[in-house]
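Please read the structure below before turning to the comments.
Everything numeric here is computed off the predicted structure, so don't read it as measured data.
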Amino acid sequence: MGGAAGTEVAVSWGVTPSHGPRLLEMMRSELRLRHYSPRTIEAYEGWVKRFVRFHRLRHPSEMGAPEVSAFLSDLANRLEVAAATQNQALAALLFLYQRVLMSPLDEPVFVRAKAAERLPTVLTRTEVQRVLERMEGTPKLMASLLYGSGLRLMECAELRVKDVDLERGEIVVRQGKGAKDRVTPLPSQLSVELGEHLARVRAQHRLDVAAGAGWVALPEGLERKLYQAGRQWPWQWLFPASRVHTHRQLNQRRRHHFHESALQRAVRIAGLVAGLSKRVTCHTLRHSFATHLLDAGYDIRTIQELLGHRSVTTTMIYTHVLNRGGLGVRSPLDFPR
C-alpha cells in the first residue's frame, strides 16, 4: 500500500516501534512457522488488507464475526467472486483471528460457499500438438512439460537443475501443492532438447558467475545454512529469466525463474492462433495429461500419484471427460439397426 492510504493503515494498525511488530509481519511469521507456501502467504496478506480497507481502516482487533460476515457478503453479492475465492478470504481471516490475534471466531457461524462442480477442459492429442506447434523457445519447452509430465504452472517455473534426471527420465517436483514431493516422468521425446537447453543455461550461468552474479533464491532457511549453494549449478533454475536483478538485502545479483505470466500468455495465444474453440490455459495441458493417461489404460491411483492429488476423489473427475461420449457409453442413436 502506498501514499496516504498506506500511512493511514500504518497509523491505524499501530505499527510505530512502541506498539511492537506490525500485524502483517506477525501474520507472515505465523504462516511461515506452519510452512504455508509463499503464494498462500501473499494471498492471505492481501485478504487482510482488503478486509481492513473495506471497514475504513479499522484495526482487526476492534472487529469480529459481524464485520467478517459483512465483508464476505460484499464479496459474494456485489463483486460476485467465485466460491473458491470467497472461501480463501474466509480461511485467511479465520487464521488471522485464531493464530495472530488469539481471538478465534465462531467458525460454524460462517457459511462456506459451495463450489460449482465443473468438468475440466481437455484437449485431444491432436489439439495439444496444434498448440505446441505454434509455440517456440523456452515457453514451448515448458508447455511440453506441463502436458508431458503433468506439472502445475508454478511447479514447472520453479524447477531447478538438480530436479531433472535425464538418464532416469524423471522429474522430481519439490514442495508441490500441500508441501509434498513427488516423481513424475520426463518425456523421452524431450531429452535431447532439454539437454541442449541445459547446456545453454550452464554456459549463461558461468558467464554470470564470472561477472560477479550467478545467485538464485533458495528455499526456506537454506540461504543461511548453505549460503554458497545459491551460486552452485545444481540449485540454478531450470528455466531462468533473461535479466539479472540485485537482491538489496544480501547484495546478490540474481536471476529469477522464467515468469509464469509469460508462459500463461504464450499458451493462451498459441490456443487462439491454433483456432481452437476451447479455452486453452496452462492447466488445460495438465488436465489433458491426466485424461490421456486414463484413456490409455493407466490405473487411477497411479495417475493420482503423478498429479500429486491428496485424494483419489479429485482425480476421479477425469473419468467423466474421457473421449467416449457423456459417461463412457454409446448414445442409443448410434446403436446398429
### Message
Would the distance check show the side chain of H257 and the main-chain N or O of A241 forming a donor-acceptor pair, the cut-off being under 3.5 Å?
### Response
no
### Query
Between T281 and V267, is any pair of side-chain heavy atoms under 4.5 Å apart?
no
### Message
If I take atom CD1 from residue I300 and atom OG1 from residue T319, how far apart are they, to the nearest 0.5 angstrom?
### Response
6.5 Å
### Task
May I ask you to say whether R50 pairs ionically with E45, meaning some side-chain N is under 4.0 Å from a carboxylate O?
no
### Message
Set out, in order, the CA-CA distance, both residues' side-chain angles and the distance that settles side-chain contact (heavy atoms from CB on, under 4.5 Å) for V161 and W235, then state yes or no.
### Response
CA-CA 6 Å; V161 171; W235 288 95; over 6 Å; no
Please tabulate, for the side chains in residues 180-188, all donor-acceptor contacts under 3.5 angstrom to protein atoms that are two or more places apart in sequence or on a different chain.
unit_1: K180; atom_1: NZ; unit_2: G308; atom_2: O; d: 3.4
unit_1: D181; atom_1: OD1; unit_2: Q175; atom_2: N; d: 2.7
unit_1: R182; atom_1: NE; unit_2: L306; atom_2: O; d: 2.6
unit_1: R182; atom_1: NH1; unit_2: E155; atom_2: OE2; d: 2.9
unit_1: R182; atom_1: NH2; unit_2: E155; atom_2: OE1; d: 2.8
unit_1: T184; atom_1: OG1; unit_2: S149; atom_2: O; d: 2.7

Side chains of residues 68-82: which donor-acceptor partners sit under 3.5 Å, not counting sequence neighbours?
unit_1: S69; atom_1: OG; unit_2: A65; atom_2: O; d: 3.2
unit_1: S73; atom_1: OG; unit_2: S69; atom_2: O; d: 2.9
unit_1: D74; atom_1: OD1; unit_2: R78; atom_2: NE; d: 2.8
unit_1: D74; atom_1: OD2; unit_2: R78; atom_2: NE; d: 3.4
unit_1: D74; atom_1: OD2; unit_2: R78; atom_2: NH2; d: 3.0
unit_1: N77; atom_1: ND2; unit_2: S73; atom_2: O; d: 3.1

### Stepwise side-chain contact (heavy atoms from CB on, under 4.5 Å) check, R268 with Q264
CA-CA 6 Å; R268 177 174 55 81; Q264 289 174 311; over 6 Å; no
### R22 side chain near M26 side chain, heavy-atom distance below 4.5 Å
no
### Query
Can you get from V122 to L272 by hopping between Ile, Leu, Val, Met, Phe, Trp and Tyr side chains that sit under 4.5 Å apart?
no
### Task
Using distance alone, with no hydrogens and no angle criterion, decide if S37 and T40 have a side-chain donor and acceptor under 3.5 Å apart.
yes
### Message
Test side-chain hydrogen bond (donor to acceptor under 3.5 Å, both in side chains) on S311 and T314; report intermediate values, then the result.
### Response
CA-CA 6 Å; S311 169; T314 307; 4.9 Å; no
### Query
Applying the 4.5 Å side-chain criterion to the ILVMFWY set and letting contacts propagate, would V312 and F289 be lumped into a single cluster?
yes
### Message
Please say yes or no: joined through hydrophobic side-chain contacts below 4.5 Å, possibly via intermediate residues, are L90 and F54 part of one cluster?
### Response
yes
### Atom of Q204, atom of R255 and distance for their closest heavy-atom approach
NE2-NH2, 3.0 Å
### Summary
Rounding to 0.5 Å, atoms CG (L293) and CG (L307) come to a distance of 8.0 Å
### Query
Counting N and O atoms only, with roles assigned by atom type, does the side chain of R253 sit under 3.5 Å from a partner on the main chain of W215, one being a donor and the other an acceptor?
no
### Query
With a cutoff of under 4.5 Å between side-chain heavy atoms, which Ile, Leu, Val, Met, Phe, Trp and Tyr residues group with V273?
I269
### Summary
Smallest heavy-atom separation, F239 atom then L145 atom, equals CZ-CD1, 3.8 Å
### Message
Let me confirm one number: the CZ-CD distance from R231 to Q252, rounded to the nearest 0.5 Å.
### Response
8.5 Å
#### Entry: Contact summary for M142 and F258, nearest pair of heavy atoms
SD-CD2, 3.6 Å
### Task
Decide whether M102 and Y97 are clustered together by the hydrophobic rule: side chain heavy atoms of Ile, Leu, Val, Met, Phe, Trp, Tyr closer than 4.5 Å, transitively.
no
### Task
Provide the closest heavy-atom pair for D208 versus G214 in the form atom of the first, atom of the second, distance.
CB-N, 3.6 Å
### Query
Does a side chain donor of either T291 or S288 reach within less than 3.5 Å of an acceptor in the other side chain?
no
### Query
Between R310, Q304, H309, E305, which is the residue that forms a side chain to side chain donor-acceptor pair (under 3.5 Å) with T315?
H309
### Row check, W237 ring normal vs R160 NZ/CZ: under 6.0 Å, within 45°
yes
### Task
Check for a donor-acceptor pair, side chain of R254 on one end and backbone N or O of H245 on the other, with a separation under 3.5 Å.
no
### Query
How far apart are the C-alpha atoms of T121 and K278, what are their side-chain angles, what is the distance that settles it, and do they pass the side-chain contact (heavy atoms from CB on, under 4.5 Å) test?
CA-CA 7 Å; T121 300; K278 301 172 182 176; 4.0 Å; yes
### Task
Find the distance between CG (L33) and CZ (R99) and round it off to the nearest 0.5 Å.
9.5 Å
### Task
On the 0 to 90° scale, with breaks at 30° and 60°, tag the Y36-Y44 ring pair as parallel, tilted or perpendicular.
tilted
### Task
Could you tell me whether a side-chain N or O of R286 sits under 3.5 Å from a main-chain N or O of C282, the two making a donor and an acceptor?
no
### Query
Under the criterion salt bridge (Lys or Arg N to Asp or Glu O under 4.0 Å), which of R39, R265, R152 is the partner of E260?
R39
### Task
Kindly indicate whether the side chain of D163, heavy atoms from C-beta on, has any atom under 4.5 Å from the side chain of V173.
no
### Message
Given H292, which partner from the list Y318, Y147, Y298 fulfils the ring-ring contact (aromatic ring centres under 6.0 Å, His included) test?
### Response
Y147
### Query
Are V216 and V172 grouped together when hydrophobic residues (ILVMFWY) are joined by side-chain heavy atoms under 4.5 angstrom apart?
no
### Task
Kindly compute the distance separating CE (M316) from CZ (R301), expressed to the nearest 0.5 Å.
9.5 Å
### Interatomic spacing from CD1 in I303 to CG in L294 - rounded to 0.5 Å
4.5 Å
### Task
Show your working on salt bridge (Lys or Arg N to Asp or Glu O under 4.0 Å) between R58 and E67 and close with a plain yes or no.
CA-CA 10 Å; R58 291 173 61 192; E67 288 80 8; 3.7 Å; yes
### Message
Has H259 got a side-chain atom pairing as donor or acceptor with A157's backbone, closer than 3.5 angstrom?
### Response
no
### Message
Check the orientation of H283 and H287. Use parallel for under 30°, tilted for 30 to 60°, and perpendicular for over 60°.
### Response
perpendicular
#### Entry: Which atom of L263 lies closest to which atom of A143, heavy atoms considered
CD1-N, 4.2 Å
### Message
Does any part of the side chain of L96, heavy atoms only, come nearer than 4.5 Å to the side chain of P60, both counted from C-beta?
### Response
yes
### Message
Any heavy-atom pair between the side chains of R202 and L198 that's under 4.5 Å?
### Response
no
### Query
Just wondering, do W47 and T85 contact through their side chains at under 4.5 Å, heavy atoms?
yes
### Query
Under 6.0 Å from the CD atom of E136, do we count more than 12 heavy atoms belonging to anything else shown?
no
### R279 side chain vs T284 backbone, donor-acceptor pair below 3.5 Å
no
### Query
Between the side chain of Q236 and the main-chain N/O of Q232, is any donor-acceptor distance below 3.5 Å?
yes
### Message
Pair L23, H59 - check side-chain contact (heavy atoms from CB on, under 4.5 Å), show working.
### Response
CA-CA 9 Å; L23 182 66; H59 195 285; 4.2 Å; yes
### Query
Within a reach of under 6.0 Å around CD of E42, are more than 12 heavy atoms found that belong to other residues, nucleotides or ligands?
no
### Message
Would you say that more than 12 heavy atoms from the other residues, nucleotides or ligands in this model lie under 6.0 Å from the CG of D106, or not?
### Response
yes
### Summary
Correct closest heavy-atom pair for S191 and L166 would be O-CD2, 4.2 Å
